[in-house]
Asks: 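This structure is in structure tokens; I'll ask about it shortly.
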Amino acid sequence: MSAQLVGQLREAMAEGRLAAGERLPSSRALGSLLGVSRTVVTEAYEQLYAEGWLEGRHGSGTYVTEGVAAEPVPKQEKPVTSQVRRSAASHEIDLRPGTAWIGALDTPAWRRAWRLAAGMPPQQRQDSYGLPGLREALAGYIRRSRGVACPLDGLLVTRGATNGLDLLAATVLRPGDRVGVEEPGYKKARVVLEGRGAELVPCPVDEHGLIVEGLPDDLRIVYTTPSHQYPMGGVLPIPRRQGLLAWARRNGALIAEDDYDGEFRFDVAPLPALYGLDPDVVVYLGTTAKILTTDMGVGWLAGRPDLVAEIALRRERLNDRTAVVPQDALRILLERGDLDRYVRRMRAEYARRREVVVRALDGLPLRGDTAGLHLVVDVPEPEARRISAAAGERGVLVETLERHHMGPSRASGLVIGYGSAATTTELRKGCEIVRALAG
């Protein structure tokens with residue numbers, strides 16, 4: 001934010017919209033005006049002082065330095081405050097799905113893990129499976145959090161769930177192989193699979209998740225999000241899980257299970273991962289992106305050992321690797337129990353944030369709100385588009401189900417995420433605007 005403010009002020013002074021000798025507001029006043037902290041403005045002013053754009057006059061404030069603008073432009077044409085306000089307004093209330101809330105992340109444990117990891121000596125050669133210590137710690141975490149046992153030779157550290165999916169596709173797919181994807185579903189997964197030459201086959205979902213009955217027999221892989229279907233929010237029931245596994249065994253297919261937010265369920269304990277029911281046909285993909293932050297850049301892939309060995313070999317040939325320092329940082333968080341404590345705390349925090357959203361949307365039909373970091377508001381598609389556009393004009397960003405389809409829309413509604421950077425106050429305000437627009 002400071003860098004954006006520096007850029008806008010620099011441009012305004014260079015173009016003469018802030019004239020030479022003009023006094024700027026105090027850091028406190030400008031911060032209050034723009035809705036940012038005083039520190040943001042102070043850092044921006046200090047940078048511009050160092051570059052020579054600003055000068056201080058003892059006891060009287062901060063001024064634009066003489067000679068920095070070519071030709072002055074009447075200030076009312078394009079006032080700097082409106083320019084910077086637009087920069088700050090790019091931080092609207094973001095209710096889009098797909099991100100984790102990181103407001104509670106900056107803890108002593110987090111900082112300690114990164115400090116210790118950064119002090120580790122560099123490796124001469126990286127193991128394509130990932131750091132052995134992290135793999136051992138991850139196996140324990142997956143057992144505790146998802147209720148499944150994962151052998152170390154069947155576990156590989158990735159850069160995230162989509163990286164794991166890409167490695168799987170690069171290993172087992174041939175150009176033209178047919179791959180089933182949920183419809184509606186996760187667009188990034190579709191992009192990854194298409195990039196590996198797959199022919200995508202949309203597979204319908206309903207309020208419970210993937211509809212197993214009627215799956216084509218010629219699919220090489222089915223990509224699914226059974227713990228909390230993205231974006232519809234369904235949790236795949238046991239009969240369908242059993243049916244999906246039977247289908248895979250019967251047809252010699254693989255199931256790619258993306259467990260992107262499976263740790264977070266609010267009505268009962270999280271369901272065990274699908275992988276635990278049949279590790280021979282399921283490849284389990286996990287990530288720290290929803291547990292911690294996308295900046296961690298660490299995930300995992302679990303499958304039967306012979307398949308994981310093929311994936312590790314292909315990974316080495318692709319020169320694909322996960323950065324060592326984040327791996328060590330995650331290992332330290334796991335070994336000290338810090339990650340388990342953080343997940344327990346965040347499960348309670350997301351439950352509170354979900355409750356704020358549900359209360360603010362009171363009266364609207366909701367689904368998919370028993371797990372994960374988002375829910376769906378059931379409204380017809382034309383109405384969903386209208387509400388999304390009107391909310392955007394009021395500074396509230398929401399998505400429609402339409403954008404999550406690869407073909408004609410099968411379902412309609414608004415997707416509301418509560419794992420974003422929005423505070424609980426902003427969540428409440430944003431959802432109240434959505435409810436008012438929905439009538």
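Sequence positions, counted from 1, serve as the residue numbers for this chain. Only a predicted model underlies this, so the values are computations on that prediction, with no experimental measurement involved.
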Asks: When you measure from the side chain of R135 to the backbone N and O of L155, does any donor-acceptor pair fall under 3.5 Å?
Replies: yes
Asks: If the threshold is 4.0 Å, N to carboxylate O, is there a salt bridge linking R386 and E383?
Replies: yes
Asks: I'd like to know if R17 pairs up with E11 as an ion pair, taking the criterion as any Lys NZ or Arg NE/NH1/NH2 lying under 4.0 Å from an Asp or Glu carboxylate oxygen.
Replies: yes
Asks: Taking all atoms of both residues into account, what is the closest heavy-atom pair of A117 and I332, and its distance?
Replies: N-CD1, 3.8 Å
Asks: Report yes if the side chains of V36 and L5 come closer than 4.5 Å at any heavy-atom pair, otherwise no.
Replies: no
Asks: Can you find a heavy atom in the side chain of L375 that is under 4.5 Å from one in the side chain of V358?
Replies: yes
Asks: What's the shortest heavy-atom distance between R315 and T322, and which atoms?
Replies: NH2-OG1, 2.7 Å
Asks: Working note: R190 + E194, criterion salt bridge (charged side-chain N to carboxylate O under 4.0 Å, His left out); need CA distance, chi angles, decisive distance, verdict.
Replies: CA-CA 6 Å; R190 298 198 298 263; E194 281 186 315; over 6 Å; no
Asks: Nearest heavy-atom pair of D278 and R249: which atoms, and what distance?
Replies: OD2-NE, 2.7 Å
Asks: Do D177 and I221 have side-chain heavy atoms sitting under 4.5 Å apart?
Replies: no
Asks: Do R352 and E349 sit within salt-bridge range, that is, some charged N less than 4.0 Å from a carboxylate O?
Replies: yes
Asks: Do you know the tightest heavy-atom contact between R220 and G252?
Replies: NH1-O, 3.4 Å
Asks: Do L9 and L48 have side chains that approach each other closer than 4.5 Å (heavy atoms only, starting at C-beta)?
Replies: yes
Asks: Contact between T288 and W300 at the side-chain level, heavy atoms closer than 4.5 Å - yes or no?
Replies: yes
Asks: In plain terms, say whether E257 and R241 are close enough for a salt bridge, that is, a side-chain N and a carboxylate O under 4.0 Å apart.
Replies: no
Asks: Using ring centroids (six-membered ring only for Trp), state whether H404 and Y230 fall under 6.0 Å.
Replies: yes
Asks: Relative to the ring of H228, is the ring of H374 parallel (under 30°), tilted (30 to 60°) or perpendicular (over 60°)?
Replies: tilted
